[in-house]
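First the proteins, then the strands, lettered A, B, ... as listed; each starts at 1.
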Amino acid sequence: MPELPEVEVVRRGLARWVAGREIAEVEVLHPRAVRRHLPGAREFEARLSGRVISSAERRGKYLWLPVGDDSSMIAHLGMSGQLLVVPPSAPPERHLRVRLSFADGGPDLRFVDQRTFGHLMLADLVRLPPARTVPEPIWHIAPDPLEELFDDRLFARRLRAKRTEIKRALLDQSLISGVGNIYADEALWRAKLHGTREADSLTGSKTAELLAAVRDVMNEALDQGGTSFDSLYVNVNGESGYFDRSLAVYGRKDLPCSRCGTAVTREPFMNRSSYSCPRCQPRPRVRRPAGRL
DNA sequence: CCTACCACCTGTAAGC
DNA sequence: TGCTTACAGGTGGTAG
């Protein structure tokens, strides 16, 4: 579901509404929500109670709330997860999985997740060079393109070393984080690249153009409060963003490309879809078989 | 080592 | 109306 812009919208809400508050009580209502927290649900509840949330952090699609010492609560929204700030008196949501109440008696923080692909867990922070502290379970996630320390040249080098298609590479969270199916398609359209183009066939300048397109589309989406097609993708107050109105190709099968008017096509991709303009983003010639010089 | 693919879930919409 | 199928914003584990 939510990609970097939607997750960042949630992070901002958490920074505003829960940072600085002391957790009173934690209730895990569905075991799958904390399945990656190996010590178990009861330990998760006990260890968070009484802790003070100091801030709200994000890398790519991962969020975390540092709580005292060197640990933090990690949250990943998966395909349908929501973190909502609601009054304690509000009736339980249909897919409420975890509820955190606060010592100040103010609004709860609730983790609601229809498909249960999302999860929460507690983990220790590790210091990674150069100068970024992230929770240990997500050390393998690459910096995201809106982070200060994202290394454009390193990204270009690693991207062009890959023996795979460009869209697969964009979705590889250990290469560049935060990009999902929507923004991959939108960035490829902006850069006039077909997703099946081999990553190692891109020139340095085309790589830079693609990275700029990723940043542009994400920043524009952020300005609109993110993308939501339905009530599944919302900020902490349950409100949807408006970027779906600005999408050029994603979800626009048979509608005209806003650049050339050609009908957008949809192709199956990994049990999902890829959308592109057949004229602006011509499918590359089939590549020579690998190996053999 | 690297890349490709599927399982993990619930809900909605479309097709018959 | 009801049944079946396709599809939905992600990713960890594992087969090759």
Return the nearest nucleotide to the side chain of [X]; candidates are [options].
{"X": "Met79(A)", "options": "dT3(B), dA8(C), dA4(B)", "value": "dA8(C)"}
{"X": "His95(A)", "options": "dG12(C), dT10(B), dC7(C)", "value": "dT10(B)"}
{"X": "Lys162(A)", "options": "dT10(B), dT3(B), dC5(B)", "value": "dT3(B)"}
{"X": "Phe117(A)", "options": "dC9(B), dT3(B), dC5(B)", "value": "dC9(B)"}

Does [X] have a side-chain nitrogen or oxygen under 4.0 Å from the phosphate oxygens OP1 or OP2 of [N]?
{"X": "Gln114(A)", "N": "dG11(B)", "value": "no"}
{"X": "Ser273(A)", "N": "dA8(C)", "value": "yes"}
{"X": "Arg36(A)", "N": "dG13(C)", "value": "yes"}
{"X": "Arg115(A)", "N": "dA8(C)", "value": "no"}
{"X": "Tyr62(A)", "N": "dG12(C)", "value": "yes"}
{"X": "Thr116(A)", "N": "dC8(B)", "value": "no"}
{"X": "Arg168(A)", "N": "dC5(B)", "value": "yes"}
{"X": "His140(A)", "N": "dG12(C)", "value": "yes"}

Problem set entry | Given Arg215(A), Arg190(A), Arg245(A), the one that forms salt bridge (Lys or Arg N to Asp or Glu O under 4.0 Å) with Glu220(A) |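 Single pass found, and it is Arg190(A).
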Whole-Å gap separating [atom2] ([N]) and [atom1] ([X]):
{"X": "Leu171(A)", "N": "dT11(C)", "atom1": "CG", "atom2": "C1'", "value": "11 Å"}
{"X": "Lys253(A)", "N": "dA6(C)", "atom1": "NZ", "atom2": "P", "value": "15 Å"}
{"X": "Leu4(A)", "N": "dT11(C)", "atom1": "CG", "atom2": "C1'", "value": "16 Å"}
{"X": "Met270(A)", "N": "dG12(C)", "atom1": "CE", "atom2": "P", "value": "13 Å"}
{"X": "Leu232(A)", "N": "dC7(C)", "atom1": "CG", "atom2": "P", "value": "19 Å"}
{"X": "Leu38(A)", "N": "dG13(C)", "atom1": "CG", "atom2": "C1'", "value": "14 Å"}
{"X": "Tyr250(A)", "N": "dC7(C)", "atom1": "OH", "atom2": "P", "value": "12 Å"}
{"X": "Asp113(A)", "N": "dC8(B)", "atom1": "CG", "atom2": "P", "value": "17 Å"}

Could you check whether [X] makes a cation-pi contact with [Y], meaning its NZ or CZ is under 6.0 Å from the centre of the six-membered ring and within 45° of the ring axis?
{"X": "Arg21(A)", "Y": "Phe102(A)", "result": "yes"}
{"X": "Lys253(A)", "Y": "Tyr275(A)", "result": "no"}
{"X": "Arg259(A)", "Y": "Trp189(A)", "result": "yes"}

Considering every strand and a 4.0 Å limit on heavy-atom distances, what is the contact class for [X]: base, sugar-phosphate, or nothing?
{"X": "His119(A)", "result": "nothing"}
{"X": "Arg266(A)", "result": "sugar-phosphate"}
{"X": "Phe229(A)", "result": "base"}
{"X": "Phe243(A)", "result": "nothing"}
{"X": "Arg94(A)", "result": "sugar-phosphate"}

Tell me if a side-chain donor or acceptor on [X] pairs with a main-chain N or O of [Y] at a distance below 3.5 Å.
{"X": "Glu27(A)", "Y": "Glu25(A)", "value": "no"}
{"X": "Thr262(A)", "Y": "Pro278(A)", "value": "no"}
{"X": "Ser54(A)", "Y": "Pro66(A)", "value": "yes"}

Exercise. Mind checking the P distance from dG12(C) to dG11(B)? Whole angstroms is fine.
Worked result: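 So the two P atoms sit 24 Å from each other.
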Exercise. Considering heavy-atom distances to DNA chain B, does Ala161(A) or Asn271(A) have its closest nucleotide positioned more toward the 5' end?
Worked result: Ala161(A)
Exercise. dT12(B) pairs with which nucleotide, Watson-Crick or G-U wobble, both distances below 3.5 Å?
Worked result: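 Pairing partner: dA6(C).
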